[in-house]
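For reference, the structure is listed below as structure tokens.
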Amino acid sequence: MPSALKSAIGIDFGTTNSSVARAIGQSSGNLDVELVSFPRRGGVTESFRSVLYLERMRQAGHLRIGTWSGPSAIEHYLDADRKGRLIQSLKSYLSSSSLTGTEILGRHFSFESLIAHMLRDLRTQAESQFGIVIRSAVVGRPVRFVGAETEAEEIYAVERLRRAFELAGFESITLLAEPVAAAYAYEATLDHDELILIGDFGGGTSDFSLLRVGPGIRKRGREPADLLGNSGLGLAGDAFDARIVRKLVSPALGAGSLLHPASKMLPAVPAWIYANLERWHYLSFLRTRNVTEILKSARVRAMEPEKIVALMTLIEEDLGYQLHQAVQRLKYELSRSESAELSFVDGSMELRQVVTRTEFEGWIAEDLSEIENCVTGLFETTGVSYGDVDRVFLTGGTSFVPAVRAIFERRFTLDKVRSGNEFTSVARGLALHAAEVS
Ligand SMILES: Nc1ncnc2c1ncn2[C@@H]1O[C@H](COP(=O)(O)OP(=O)(O)OP(=O)(O)O)[C@@H](O)[C@H]1O
Ligand SMILES: [Mg+2]
């Protein structure tokens with residue numbers, strides 16, 4: 001009879017997708033993993049989009065702010081006639097001490113409380129599927145948080161993540177590096193020990209671990225020396241999206257467009273507005289009075305006012321999600337085909353442009369070399385040589401990008417590079433670790 005290990009819960013709170021898993025003991029002594037299925041229109045999904053939607057609503061005669069997360073956030077957002085606020089990539093704010101909170105629909109929210117809302121929904125959905133009360137879990141953390149450049153910023157991000165879990169009703173959480181968790185998920189498929197390199201490429205971060213795993217190691221008990229090293233950087237799928245927005249979308253929304261000659265040919269809209277447009281976590285907060293005033297004034301004096309109007313429509317009607325979807329579709333298609341079309345409609349503006357994979361790879365070339373340097377650095381600091389590695393396991397959504405995979409295919413023979421469970425391996429490994437330590 002399978003028996004649920006009550007406390008063996010793993011939670012992967014991702015920049016783009018989150019998932020929750022529980023380890024289950026089998027009569028054979030092996031462990032199995034069950035993932036939480038989240039309801040969504042027309043079915044269920046194991047990967048819960050890490051988004052929040054807030055909207056003003058009237059309830060029993062009172063005005064209040066309704067908040068939804070995951071698939072239901074997207075559904076409420078799409079159904080709303082007057083759009084509230086959809087927020088994406090909240091995890092990327094954790095390290096930033098200058099951003100402690102934000103005003104949404106006239107109310108102040110701390111970032112921890114926004115993240116906590118999502119975590120509470122993950123917890124309650126897991127509780128209802130598993131029929132248990134969840135107050136503790138093993139939780140993933142990136143090797144390096146997005147934007148964290150110092151040790152103090154890393155510590156700050158961890159504190160905020162812990163605080164968000166506390167607000168969401170957790171009494172104790174154990175943190176584990178996300179790539180190490182992915183390694184434990186891969187380990188469950190092994191019948192012998194291996195020295196492996198894990199690459200976990202998500203929305204916000206790319207993380208690497210070099211470690212020894214396998215049934216022999218589990219049996220003798222893990223030792224600190226089994227983990228040879230971790231490395232990571234706050235650059236992944238969202239950064240690739242930013243390149244697409246910069247190259248294709250921002251110019252159609254007035255980036256580089258000038259004010260009327262009488263105004264000395266200055267840029268119509270300040271560059272920082274486009275910089276915020278490129279980052280999903282900043283885009284959600286562009287709808288402010290200050291930005292509206294800047295754009296209104298730019299519109300009357302711009303040489304190409306229709307582009308400024310399209311930018312105003314995007315911000316005022318909160319079309320960030322549609323933009324995100326259009327960019328995702330292009331990127332996904334470029335992972336499969338040599339060329340694809342970006343198709344984005346914003347009010348009267350219609351943007352259609354074919355992009356080849358080679359062009360896209362040119363746009364992300366700097367990002368790819370930063371990723372490559374991070375991998376090289378891990379081998380240099382650990383003194384391990386590429387030939388010592390038995391297997392390379394790539395996971396996370398961004399590992400679908402052929403140019404990311406190519407970094408490994410150039411260094412290791414093809415038969416050594418594997419991938420799989422792109423959206424669930426971290427949660428699976430976290431649950432297995434929870435079972436191991438409980
Ligand atoms: N087929 C694909 N081709 C290219 N990119 C993809 C594909 N599928 C998903 N992605 C990208 O993968 C990212 C999401 O991956 P994943 O769910 O592993 O991230 P995450 O765990 O939420 O983020 P993180 O681990 O950084 O916190 C997004 O940037 C998404 O655009
Ligand atoms: Mg991840």
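When a ligand or atom number is given, it counts from 1 through the structure's own listing order.
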With sequence neighbours left out, which residue pairs that include part of residues 322-354 fulfil the ring pair (Phe, Tyr, Trp, His ring centres under 6.0 Å) condition?
->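 The answer is Trp280-His324.
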Hey, can you tell me if [X] and [Y] have their rings parallel, tilted or perpendicular (30° and 60° cut-offs)?
{"X": "Tyr93", "Y": "Phe111", "value": "parallel"}
{"X": "Phe412", "Y": "Phe408", "value": "parallel"}
{"X": "Phe400", "Y": "Phe423", "value": "tilted"}

Between the protein and ligand 1, which nitrogen or oxygen pairs come in under 3.5 Å, and how far apart is each?
residue	atom	partner	partner atom	Å
ligand 1	3 (N)	Ser335	OG	2.7
ligand 1	10 (N)	Gly397	O	3.4
ligand 1	12 (O)	Thr398	N	3.2
ligand 1	12 (O)	Thr398	OG1	3.3
ligand 1	15 (O)	Gly397	N	3.2
ligand 1	17 (O)	Asn17	ND2	2.7
ligand 1	18 (O)	Gly397	N	2.9
ligand 1	19 (O)	Gly203	N	3.1
ligand 1	22 (O)	Thr15	N	3.1
ligand 1	22 (O)	Thr16	N	2.6
ligand 1	22 (O)	Asn17	N	2.7
ligand 1	22 (O)	Asn17	O	3.2
ligand 1	23 (O)	Thr15	N	3.3
ligand 1	23 (O)	Gly203	N	2.9
ligand 1	26 (O)	Thr15	OG1	3.3
ligand 1	26 (O)	Gly203	N	3.1
ligand 1	26 (O)	Gly204	N	2.8
ligand 1	26 (O)	Thr205	N	2.9
ligand 1	26 (O)	Thr205	OG1	3.3
ligand 1	27 (O)	Thr15	N	2.8
ligand 1	27 (O)	Thr15	OG1	2.6
ligand 1	27 (O)	Lys91	NZ	2.8
ligand 1	29 (O)	Lys331	NZ	3.3
ligand 1	31 (O)	Gln328	OE1	2.4
ligand 1	31 (O)	Lys331	NZ	2.7

Rounded to the nearest 0.5 Å, how far does CG of Leu323 lie from CG of Leu283?
->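 Taking CG in Leu283 and CG in Leu323, the distance rounds to 6.5 Å.
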Checking salt bridge (Lys or Arg N to Asp or Glu O under 4.0 Å) for the pair Lys247/Glu278: CA distance, chi angles, key distance, verdict?
-> CA-CA 10 Å; Lys247 293 287 178 186; Glu278 288 172 13; over 6 Å; no
